[in-house]
Amino acid sequence: MQPTEFTLTDLVEIMRSCAGVDEGVDLDGDIGDTPFAELGYDSLAVLAFQARIQERTGVPMPDDTVAHMPTPNAAVDFVNQQIRAGVR
Amino acid sequence: MTSAATATPALARGTARAVVTGMSAVTAIGVGLEEYWRNLLDGACGIRPITRFDTTGYPIRVAGEIPDFDSARVPSRLVVQTDRWTHFGLLAGELALADAGVDPAELPEYELSVHTASGSGGNEFGQRELQALWAEGPSRVGVYQSIAWFYAATTGQLSIRHGMKGWSGVLVAEQAGGLDVVAQARRSLAQGSRIVLTGATEAALNPAAFTSQIAGGMLSAAGEYLPFDEAASGFLPGEGGAMFVVESAEHASARAARPYGVVAGHAATFDPAPDTGRPPGLRRAVETALAEAGVAPSDVDVVFADADGRAEADAAEALVLTEVFGPRGVPVTTTKAATGRLVAGSAALDVVTALLAMRDGVIPPVVNVRRPAVDLDLVLDRPRPAALRTALVLARGYPGFNSALVLRAAAPN
Amino acid sequence: MTRLQVAVTGLGVVAPGGVGVKEFWELLTAGRTATRAISRFDASGYRSRIAAECDFDPAQHGLSPQQVRRMDRCAQFAVVAAAEALADSGVSGEAPPERVGVSIGSAVGATISLEREYVVLSDGGARWEVDPRYAIPHLYHHLVPSSVAAEVAWLAGAEGPVALVSTGCTAGLDAVGHGARLVAEGEVDVMVAGASEAPISPITVACFDAIKATSPNNDDPEHASRPFDALRNGFVLGEGAAVLVLESLPHARRRGARIYATIDGYANRCNAYHMTGLRPDGVEMAEAIRLAMAEARMPVDEVDYVNAHGSGTKQNDRHETAAFKRSLGEHAYRTPVSSIKSMVGHSLGAIGSLEVVASVLAIHHDVVPPTANLHNPDPECDLDYVPLVARERRVDAVLSVGSGFGGFQTAMVLRGPAGGGR
């Protein structure tokens, strides 16, 4: 069953499980608008998040998606827009 | 003209006086240098039933698995993007640098090198991704497969983690690679490196890699690793290994570091193809390494043997030791009966163990062996106190590699 | 410290577009590309479905049925390339076995065999606890890539130091560099040095798909590998092997060997930055180049040709362009730079050795191979990349570089034989 909404909590769980957490970063803190790079996540990590998001939500993640996802909140917004637009 | 006579003197090669100043060990009988060493001297054996997967239906179910390895000792960002073999390497590298009292951030980055050996790379990670691909489809292969499975993963991650930008590399020569990287470390010093993080770890106890060892017919079907014993029936694998810090004696002295010992000689040879009738290369490796070190056989105080655990290979090694050192001419021991065969990890671990033995004046015993089938002075049952100035470490790697390394106690300045 | 000069006296190649040095050089100088739709397995369902494949029949190259069974495709390539190089050099029997060594590079070893056997053992990925009853006896031969170097050693009758060098995508250069170093140190008289890779299998293609490193230009495979071109979109996977016979110069001269070139400088540095990422400034590659040039005692303005890594990813092309400018200064703008990956793809650990052979042949023939598919230069890559057409010119000194996962940056300097010999 595919979810109707994707939340920051969902994303943080994905971040934790598929890329780990950098020393000195607290993912339970207020991180929604902090760029992924500042949270210690490189481009490979963001690609890993995308693959997991696609698996979890069914929203396709074409090659240029990364540009829409500079921060966790931007990623969550992008996914929800796609869900609402019926893109999956 | 013998090959030993043609060996180029160390000085001409610019490789003289490399010393080891920091060490670590990650094994089934202890994680951390002193814990490992204490347990080894106590006669501990780490070969136990495998717990990492269900061995029902497997003809062999025991190995030197590291129980409850705490991956929290490795940064979590790195845990997910690396295989268990690299987890061991990252921890061992960090411990070795700490033991040497080296903070890489304080040294010129181009003068810091990493040389590791690997036998088979990121086995468990690779199997997991293969399963994702074949069970669920290509899009399920994760982003880290491209950097976790290949043999260079541990060197690359250590270089990044510690900011080491000097000449770095990876050698694969199965077990023998763990000694050959020490020669690479010396070359790095000759090229201008100050600190070389060297060694090897392995982790091949996932179902696919373990199965490949069973298929090779090398493992003990009886589930007992009894090298040189009448009941020798093959070896058993283990996981782990060791990393250590190599630097020039001058550099160590300038920073008041106390060396564990000196890397005095190394040689690598290769066995002729099976059907040529030519002799195997182990003896030549031993003689060349001794010649390079300027050491006579009678100077050698202990041998850390390859100790394969198959009767024919044991007999061949015993013959070489007898030919070079005379009948029962030198005490012989091995760590592998206690830890399992760690491939390149064992060769690196034996370097560390030989230096600990010199430090404490004691030879660790071969565990479990009761009835030797060879006429060697095997150190059995209990540690043997001995003044040790010179040690020889041997490693044979599948298929046909031989390496020998001579270590000497650090001379008091 | 005395260092012997290192001569290249034999060459062997298995490459996409043809087996053998002659076919390889014809492909390169014609500017033809050997990239095509993947035929080695059904690649539908993959993001990148193209590769530079070798048309290779091991039996046709003298491998016995037992050798074929025992050896992964990677080892087969290595042995066939080594046989050509040994025959080319005429070195067999000229040095005692213990004075002959082997140094073979490979990034991923026997991937094809390991994956094939994994599929059987796991019954198509159905079980984690694979079934050991389905294991082939040679499985361990595949698990440990040291067997690839061993196969070459048996062929060459080498009993000196033998190793597989596995520094990812710089392994091909590093293996030749390692071999050259052992010769220079006098540890051996002869080194059989090169690299081999056969990575075109589902797991490798999928892992590069996952990080979007390979070109998805599936509709136009012949033009998919576009180093330094503004329309590039990733590298194209390749396969193959190249092996060189290296000898100390005195040893080569004593036996009257043909000397193609000498390896005068080799250096490796790491970026200690990222396993796959490159900073655009190219600092560490520039440092490797500077050191290799210093070892060769060569002023930068003597470089006649730069054989680039040129993988065809945006970050690589800009990184190494910056590295060339940083290390060669103004001379970077005057020197032809080209990437043979535009024609033979990126065969990971093997490509560095193929590039060394291409560099040696450039010296031997006084021809610079082109960068194929370079129609729309990237404005940020503003050097002379020898677009499309090979160029005849005097080539006496070549700089060849490589860059790989793990952060490895390698540079090698080769020179034509003193007093000609061509």
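Chain naming here is simple, since letters A, B, ... match the order of the sequence lines and numbering starts at 1 in each. These numbers come from a predicted model, not from an experiment.
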Asker: Find the distance between CD1 (C:Ile203) and CD (B:Gln145) and round it off to the nearest 0.5 Å.
Answerer: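 Taking CD1 in C:Ile203 and CD in B:Gln145, the distance rounds to 4.5 Å.
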
Asker: Among B:Ala152, B:Ala132, B:Gly177, B:Ala204, which residue forms the greatest number of heavy-atom pairs with chain C at distances under 4.5 Å?
Answerer: B:Ala152

Asker: Charged N to carboxylate O under 4.0 angstrom, C:Glu287 versus B:Lys165?
Answerer: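 Looking at B:Lys165 together with C:Glu287, the answer is no, because their closest N to O distance does not fall below 4.0 Å.
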
Asker: When you compare the side chain of B:Arg187 with that of C:Leu182, does any pair of heavy atoms fall below 4.5 Å?
Answerer: yes

Asker: Supply the atom-to-atom distance C:Arg181 CZ to B:Trp167 CH2, rounded to the nearest 0.5 angstrom.
Answerer: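 It comes to 4.5 Å.
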
Asker: What orientation do B:Phe270 and C:Trp154 show, parallel under 30°, tilted 30 to 60°, or perpendicular over 60°?
Answerer: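 Geometry flag for C:Trp154 against B:Phe270: tilted rings.
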
Asker: Mind ranking C:Gly404, C:Gly160, C:Ala135, C:Ser103 by heavy-atom pairs under 4.5 Å with chain B and telling me who comes out on top?
Answerer: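 Winner by heavy-atom pair count: C:Gly160.
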
Asker: With a 4.5 angstrom heavy-atom cut-off, is it the side chain or the backbone of C:Ser122 that approaches chain B, or both, or neither?
Answerer: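 Neither part.
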
Asker: Does some side-chain heavy atom of B:Gln127 sit less than 4.5 Å from a side-chain heavy atom of C:Val130?
Answerer: yes

Asker: Which residue out of C:Asp209, C:Leu121, C:Asn271 racks up the most heavy-atom pairs below 4.5 Å with chain B?
Answerer: C:Asn271

Asker: Once rounded to the nearest 0.5 Å, what's the spacing between atom NE2 of C:His138 and atom OG of B:Ser212?
Answerer: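 So the gap between those two atoms works out to 13.0 Å.
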
Asker: For B:Val114, is it the side chain, the backbone, both, or neither that has a heavy atom closer than 4.5 Å to a heavy atom of chain C?
Answerer: neither

